[in-house]
Amino acid sequence: MKQPVSNLSSNFKINFDHTINSGQVFLWEKIDTKWYGIDGRRVLVLENSQKFKKNMKYEIDFFRINDNFEKISNELKNDNYVRDAIKMFPGLRLVRQNPFQCYISFIVSSNSNIPSIKSRLQNLCKMFGSKKIVDGKAFFLFPEPSDLANASILDIKKCGLGYRAKAVKTASLSILNGKIDFDSLKKMDYQTAKKELIKVFGIGSKVADCILLFSLEKLEAFPLDRWMLRILQKYYSNEFQISTKTLTEKTYDQLHENVVEHFGAYAGYAQQFLFKMERELYKKKWL
DNA sequence: ACCTGACCTCGTCT
DNA sequence: AAGACGAGGTCAG
């Protein structure tokens with residue numbers, strides 16, 4: 001039996017450039033050689049060739065260092081295209097985000113491109129978040145649920161959210177009144193947690209999957225956005241039937257079921273590699 | 001139940 | 001330089 005690789009020693013294979021530039025996170029910027037990122041009320045700071053020390057609990061958690069990536073990637077490599085994508089971006093990883101920030105980020109993402117999403121989130125932080133100085137630089141932390149729940153829709157709109165402003169306010173209220181509780185959602189199975197999320201105004205199948213995958217421990221979540229549909233159509237026309245029409249909730253679920261059957265329990269990881277590969281191919285902007 | 005159009009705004013392209 | 005276009009979807013009719 002092969003000795004398991006120590007998680008702390010294998011993690012420096014993580015490539016922060018690739019991981020941050022993969023559409024999972026929006027509030028990161030590179031200054032000189034360091035990445036600075038907002039995650040809830042924290043500012044994460046990382047160097048390119050960062051090695052994780054035991055006391056970096058928060059960073060270890062964020063970058064999912066304790067996932068057994070050897071095992072996961074071995075399983076993913078059963079699929080040829082995912083295998084190629086892993087070969088191209090071996091240091092790409094999923095991250096584990098602050099749930100509230102992730103929730104709002106993807107509500108705000110609907111029908112938008114990444115530069116717009118980033119701009120809106122930055123504006124929300126500036127208007128509703130508190131300031132923190134790190135390395136002599138000023139950062140604005142992500143607002144708390146109460147900050148956005150108590151804000152006026154008009155003020156939220158000033159951040160460039162358009163019709164999404166109402167959704168951000170009501171979704172934040174759902175946190176305050178307990179209709180959405182992230183710790184409970186983490187404990188539920190994928191399907192049950194997803195049903196709860198979709199009850200929230202502004203959250204559909206795709207956004208729910210992003211929240212589940214990037215912040216609520218559901219690695220079988222596989223966000224089916226226009227890119228992923230294009231990818232499935234392009235490389236997997238033998239495996240999946242993709243119609244050109246927009247998916248209804250039911251057809252979405254059906255396709256997701258087939259996708260998990262094909263890619264396995266770590267389908268979410270597969271999605272991240274495929275998404276990264278295809279968007280790089282078209283030179284799409286990340287941040 | 002499924003299908004279609006409308007939707008705010010902004011970065012990018014011409 | 002101004003105008004059109006489309007973007008990691010969702011909701012209502």
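So that the names make sense, note that chain A is the first sequence line, chain B the second, and so on, each numbered from 1.
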Figure out the [atom1]/[atom2] separation between [X] and [N], and round it to whole Å.
X	N	atom1	atom2	answer
A:I153	B:dC7	CD1	C1'	15 Å
A:I198	C:dC11	CD1	C1'	13 Å
A:R164	C:dG9	CZ	P	10 Å
A:L154	B:dC8	CG	P	14 Å
A:F26	C:dA7	CZ	P	16 Å
A:K199	C:dC11	NZ	P	14 Å
A:L121	C:dA7	CG	P	20 Å
A:K166	C:dA12	NZ	C1'	11 Å

Exercise. B:dC8 and C:dG3: how far apart are their P atoms, nearest whole angstrom?
Worked result: 22 Å
Using side-chain hydrogen bond (donor to acceptor under 3.5 Å, both in side chains), reason through A:N21 and A:W28 one step at a time and then give a plain yes or no. CA-CA 9 Å; A:N21 289 316; A:W28 286 72; over 6 Å; no
Give one of base, sugar-phosphate or nothing for [X], where a contact means two heavy atoms less than 4.0 Å apart.
X	answer
A:Q24	base
A:L161	base
A:Q271	base
A:S105	nothing
A:I114	base
A:T251	nothing

So, A:Q24 side chain and A:V95 main chain: donor-acceptor pair closer than 3.5 Å or not?
-> yes
- Message: Under a 3.5 Å distance rule, please check whether A:T19 uses its side chain to pair with a backbone N or O of A:G91 as donor and acceptor.
- Response: yes
Check: Does A:K166 count as lying over the ring of A:F201, i.e. NZ or CZ under 6.0 Å from the six-ring centre, within 45 degrees of the axis?
Finding: yes
Please work out whether the ring planes of A:F222 and A:F263 are parallel, tilted or perpendicular, with thresholds of 30° and 60°. parallel
So A:Y81 and A:Y235, would you call those rings parallel, tilted or perpendicular, with 30° and 60° as cut-offs?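 Because their plane-to-plane angle lies in the 30° to 60° range, the rings of A:Y81 and A:Y235 count as tilted.
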Of A:V200 and A:R279, whose nearest nucleotide on DNA chain C comes first from the 5' end?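 Closest to the 5' end, via its nearest nucleotide, is A:R279.
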Between A:G202 and A:F214, whichever has its closest DNA chain C nucleotide further toward 5' is A:F214
Base-paired stretches in DNA chain B with three or more consecutive Watson-Crick or G-U pairs, both distances under 3.5 Å, amount to B:3-7 with C:9-13, B:9-14 with C:2-7
| Would you say the side chain of A:Y163 and the base of C:dG9 hold a donor-acceptor pair, judged only by whether the two atoms sit under 3.5 Å apart? | yes
Which of A:W35, A:F63, A:F89 passes ring-ring contact (aromatic ring centres under 6.0 Å, His included) with A:F16? Answer is A:F63
If you restrict it to nitrogen or oxygen atoms, what contacts under 3.5 Å exist between nucleotides 10-14 of chain B and the protein, and what is each distance?
| unit_1 | atom_1 | unit_2 | atom_2 | d |
| --- | --- | --- | --- | --- |
| B:dT12 | OP1 | A:K285 | NZ | 2.7 |

For A:R226 and C:dG9, is the shortest distance between a side-chain N/O and OP1 or OP2 below 4.0 Å?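 Yes.
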request  = Give the nucleotide from the list C:dT10, C:dA7, C:dA12 with an atom nearest to the side chain of A:F201.
outcome  =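 Output: C:dA12.
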### Query
From the list C:dT10, B:dC3, B:dC7, which nucleotide is the closest neighbour of the side chain of A:K206?
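Out of C:dT10, B:dC3, B:dC7, the nucleotide with an atom closest to A:K206's side chain is C:dT10.
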**Item:** Side-chain H-bond candidate by donor/acceptor type, A:E280 with A:W286, under 3.5 Å
**Value:** yes
> When A:E278 is tested against each of A:R230, A:K234, A:K284 for salt bridge (Lys or Arg N to Asp or Glu O under 4.0 Å), which residue passes?
Replying inline: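 That would be A:K234; it is the only one of A:R230, A:K234, A:K284 passing the salt bridge (Lys or Arg N to Asp or Glu O under 4.0 Å) with A:E278.
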**Study point:** Given A:K30, A:K276, A:K34, the one that forms salt bridge (Lys or Arg N to Asp or Glu O under 4.0 Å) with A:D17
**Key:**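 Among A:K30, A:K276, A:K34, the one meeting salt bridge (Lys or Arg N to Asp or Glu O under 4.0 Å) with A:D17 is A:K30.
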Salt-bridged, A:E220 to A:K194, with N to O below 4.0 Å?
no
